Every structure is written in C-alpha cells, then in structure tokens.
K.L.:
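Please see the structure below; I have some questions.
Worth saying up front: this structure is predicted, and the values here are computed from it rather than measured.
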Amino acid sequence: MRWCSTSLLVGVLFLLGAAEPDSGSWQVTAASLWGGAGDEAGEAVAVDAQGVALIGLPSTGLLPTGVPLTDLGKGGLLLRLDTLLGAPLGVTSLPGPVTAVAVAGDGSVFVAAGALFKLDPAGTTVLWSGGPAGRRIFPDATGGAWVWDGGTLTQVGDAGKILASRPAKGRDVAVDVAGGRFFTCGFNAGNSKKSGNPVHVPWIRAYALADGAQQWHMWNFTPTQVDEVSDMADSHPQRLCVGLDGKLYMFGDSDGGNTAYRHDPFILGKDLGPALAGIAFIETWKAFTSCRLLFACCIESASG
C-alpha cells in the first residue's frame, strides 16, 4: 500500500472488503484523509488476526483527536486501525520513519523504524530492538525476523542480535521460512544480437536460507534468445510474496503481449502446457497495440 500527495491532502487510506463471499467483487468499506501540508508518503501496512491494520505514517501527520498516543520517539508513526469499524485504536510514535511492518504468528509486531523493533501485540511496548531497518520484514519461527533493505537479507534473532545475512539484490524479495528459501526478482536490460532491438528480460531466483546457494532461476535467457522466440515485450516482475499455501506469488507487468511470461520459464519458447490451454493468457500476443499488461502468477516454490 502506498499513498502520497503534494497538496493539503497527504493521503487516502482504502480498506477493501469483499462485497459478498465468493462474488469476486470488491468495494471500499472505509476511507480517511490523513496528513498535513507537506509532500509525504507512507508505504508500510500489515493486518493482524483480529482484523486490526497497522499502518506506518509520516511523523508530521495529524494525530486523530482522542486517540491514545504511545511516545517511543519522534521519527514516524504506527497507527492501529479497526478495519471493521474504521476506527483508530491508538498511535505509537517511533524513533525513525516507518518503512515496513509485519505481524508474527504470536501476534507480536515487527516495525522497521531506523532499526528493527519488536513490539507487543498492542504495539505500545518495545520487547527488543536491534539490527537494521528495511523495506520488508519476514518473521521467522524463533521469535526473530528476516529484514530486507533492498540489497541484503539479514536475520535478526530474538533479543535483536544479528544472526546471518545473505546478498539479495533485486526489485523485491520474499521469504519462505517453512521451506527454508528466499526469492528475488527483477529484469535484465540489453540488446538482441539478432535484431539489435532492446528488451527487458524478467527473472526470478530462489536461494537457500541456510547458505544462500541458488536453487533455481526462472527466465534465465539472454536478449538474443528471447528475440529468437519473439518474446520482445519488456517484462518486469515487481512484487513477490509467499502465500499461506506455501506457494510463491509474483505480480508484474509487460509492455505488450509478446512477453517471456507466456512461455516456459526454463525451456526457451516452450508452451506452458495444458493447464493454461484455452484461456486468454496464452494469446497475449494478440495485443498488437502498445499497452501495459498486469501479470499475476502462482509458482511452485520448491521448483519454480
């Protein structure tokens, strides 16, 4: 989630809920204005098992009247919001800008705010702090968490001690704690030796958490290779997440329909098989005009 503005309105928060179970339609159930006159942005949000949203906000944001404030610093704010009632429950101020929030299985809250903070489920008491802040937080199974700063994935153990670090460069990262692996995504830019045309070739890679060894690499092709099978639409994986089912989910885009996403990620130009036969996905090449397409896919995390 991200919101920003350059005028008096700093941001709008939308909480989306299904209009009816299994209906496939969604509607806004709550919306609120937030902030002051500055150019501000917030990008951190998580929701706990009770439906309470924990939202990172700029420290200069206007505090809601009558809402309890816990003062732990002056750098950023963590708002607790009841998503069913749309009512703020409390605000915690922290020493640094809030760049990531995550909720552990026991309800405790991890916040990246200049450092990594572990808070109680109410978000008002610091249980410990230590290690780096980052853009993503992934609670582990031992009371600590993995934190990603855009280039390095660091494990911070319970009590704030750094236990391990792994190189993890890319557009985004996701961690499969149960499966013992992590994933990165991005794209390589280059020119085809066949036609001379430029292209962005997507990639997703999996690594072992234990030692950082690479396990698999999707779309490990050169610009010339994708040109040979006419997959010349610039394609960009943007976000990764591991679902409750243990599978990896990728959300990305392509600038046109002749994208590498439409073919097997390990065998150049090979069809994806009968599972996707007869659906529009395998006919994206019919989008002859210049357009940007959204892609979302579910990936078997062990094999790619």
Side-chain angles (χ1 to χ4, degrees), residues 43-56 70-73 75-81 83 89-168 172-184 206-213 215 240-249 301-302:
E43 296 190 354
V45 64
V47 180
D48 69 15
Q50 286 69 47
V52 174
L54 301 116
I55 306 160
T70 301
D71 187 358
L72 301 178
L77 301 175
L78 182 67
L79 170 68
R80 296 177 65 250
L81 186 74
T83 61
L89 303 175
V91 175
T92 301
S93 63
L94 292 153
V98 177
T99 56
V101 183
V103 180
D106 62 0
S108 57
V109 179
F110 287 97
V111 184
L116 181 64
F117 290 83
K118 184 176 182 179
L119 309 179
D120 68 331
T124 59
T125 301
V126 177
L127 302 179
W128 55 257
S129 64
R135 294 160 51 183
R136 300 282 186 272
I137 303 172
F138 307 94
D140 62 21
T142 61
W146 290 88
V147 184
W148 183 64
D149 63 4
T152 302
L153 188 64
T154 302
Q155 186 181 22
V156 184
D158 205 6
K161 181 180 179 180
I162 294 178
L163 302 179
S165 64
R166 304 281 180 261
D172 198 21
V173 71
V175 175
D176 177 11
V177 173
R181 60 181 64 90
F182 68 95
F183 313 91
T184 60
Y207 302 87
L209 276 174
D211 57 9
Q215 296 183 338
L240 299 174
C241 70
V242 174
L244 295 177
D245 55 6
K247 292 184 172 60
L248 176 67
Y249 290 82
S301 59

K.L.:
Is the side chain of Lys118 donor-acceptor paired with the backbone N or O of Val111 at a distance under 3.5 Å, no angle test?
P.N.:
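Side chain of Lys118 to backbone of Val111, a donor-acceptor pair under 3.5 Å: no, none is there.
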K.L.:
Any donor-acceptor pair under 3.5 Å linking the side chain of Asp71 with the backbone of Gly73?
P.N.:
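Flag set: sc Asp71 to bb Gly73 pair under 3.5 Å.
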K.L.:
With a 4.5 Å limit on heavy-atom distance, are the side chains of Leu240 and Tyr249 in contact?
P.N.:
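The answer is no; the side chains never approach within 4.5 Å.
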K.L.:
If the condition is salt bridge (charged side-chain N to carboxylate O under 4.0 Å, His left out), which residues does Arg136 pass it with, not counting sequence neighbours?
P.N.:
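Here the qualifying residues are Asp172.
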K.L.:
Who passes side-chain contact (heavy atoms from CB on, under 4.5 Å) against Ala164, sequence neighbours left out?
P.N.:
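Expected list: Trp146, Gln155, Arg166.
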K.L.:
Taking only residues two or more places apart in sequence, or in another chain, which ones meet Val242 in a side-chain contact (heavy atoms from CB on, under 4.5 Å)?
P.N.:
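If we apply the side-chain contact (heavy atoms from CB on, under 4.5 Å) test to Val242, skipping adjacent residues, the hits are Ala174, Asp176, Phe183, Leu248.
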K.L.:
Of the non-hydrogen atoms in Gly56 and Val98, which two are nearest, and what is the gap between them?
P.N.:
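That would be CA-CG1, 3.6 Å.
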K.L.:
Between Thr83 and Ala53, which heavy-atom pair has the shortest distance, and what is it?
P.N.:
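That would be CG2-CB, 3.7 Å.
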K.L.:
Just how far is it from atom CZ of Arg181 to atom CG of Leu209, taken to the nearest 0.5 Å?
P.N.:
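Going from the CZ atom of Arg181 to the CG atom of Leu209 covers 9.0 Å.
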K.L.:
Compare every heavy atom of Pro132 with every heavy atom of Val156, then report the nearest pair and how far apart it is.
P.N.:
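Taking every non-hydrogen atom into account, CG2-CD, 4.0 Å.
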K.L.:
What pairs with Asp245 under salt bridge (charged side-chain N to carboxylate O under 4.0 Å, His left out), at least two apart in sequence or on another chain?
P.N.:
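Asp245 satisfies salt bridge (charged side-chain N to carboxylate O under 4.0 Å, His left out) with no residue once adjacent residues are dropped.
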K.L.:
What residues, two or more places apart in sequence or in another chain, satisfy salt bridge (charged side-chain N to carboxylate O under 4.0 Å, His left out) together with Asp140?
P.N.:
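If we apply the salt bridge (charged side-chain N to carboxylate O under 4.0 Å, His left out) test to Asp140, skipping adjacent residues, there are no hits.
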K.L.:
Taking only residues two or more places apart in sequence, or in another chain, which ones meet Ala122 in a side-chain contact (heavy atoms from CB on, under 4.5 Å)?
P.N.:
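Per chain and number, Ala122 pairs via side-chain contact (heavy atoms from CB on, under 4.5 Å) with Asp120, Thr124.
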K.L.:
Quick one: CZ on Arg135 to CH2 on Trp148, what's the gap to the nearest 0.5 Å?
P.N.:
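It comes to 4.0 Å.
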K.L.:
With rounding to the nearest 0.5 angstrom, report the CD1 to CG distance, Ile55 to Leu78.
P.N.:
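Nearest 0.5 Å value for the CD1-CG distance: 8.5 Å.
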K.L.:
Which atom pair, heavy atoms only, marks the closest approach of Ile137 to Ala145?
P.N.:
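Shortest heavy-atom separation between Ile137 and Ala145 comes out as CG2-CB, 3.9 Å.
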K.L.:
Can you list the residues that meet the side-chain contact (heavy atoms from CB on, under 4.5 Å) rule with Ser165, with sequence neighbours excluded?
P.N.:
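With sequence neighbours excluded, Ser165 shows a side-chain contact (heavy atoms from CB on, under 4.5 Å) to Thr152, Thr154, given in chain and number order.
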K.L.:
Working to the nearest 0.5 Å, report the span between CG of Leu77 and OG of Ser93.
P.N.:
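Reported to 0.5 Å precision, the distance equals 6.5 Å.
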K.L.:
What closest approach, in Å, do Phe110 and Gly144 show between heavy atoms, and which atom pair accounts for it?
P.N.:
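Minimum heavy-atom separation between Phe110 and Gly144: CZ-O, 3.5 Å.
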K.L.:
Suppose the criterion is side chain to side chain donor-acceptor pair (under 3.5 Å): which pairs have a residue in residues 97-113, not counting sequence neighbours?
P.N.:
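Side chain to side chain donor-acceptor pair (under 3.5 Å) check on residues 97-113 returns Asp106-Ser108.
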K.L.:
Is any side-chain heavy atom of Pro95 less than 4.5 Å from a side-chain heavy atom of Phe117?
P.N.:
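Yes - at least one pair of side-chain heavy atoms lies under 4.5 Å apart.
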K.L.:
CG of Leu153 to OG1 of Thr184: how many Å apart, nearest 0.5 Å?
P.N.:
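Interatomic distance, Leu153 CG to Thr184 OG1, rounded to 0.5 Å: 10.0 Å.
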K.L.:
Looking only at heavy atoms, what is the nearest atom pair of Leu54 and Val103, with distance?
P.N.:
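The answer is CD1-CG2, 3.6 Å.
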K.L.:
Not counting sequence neighbours, which residues clear ring pair (Phe, Tyr, Trp, His ring centres under 6.0 Å) with Phe138? List them please.
P.N.:
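Per chain and number, Phe138 pairs via ring pair (Phe, Tyr, Trp, His ring centres under 6.0 Å) with no residue.
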K.L.:
As an exercise, state the distance from OG1 of Thr70 to CG of Leu72, rounded to the nearest 0.5 Å.
P.N.:
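Output value for this atom pair is 6.5 Å.
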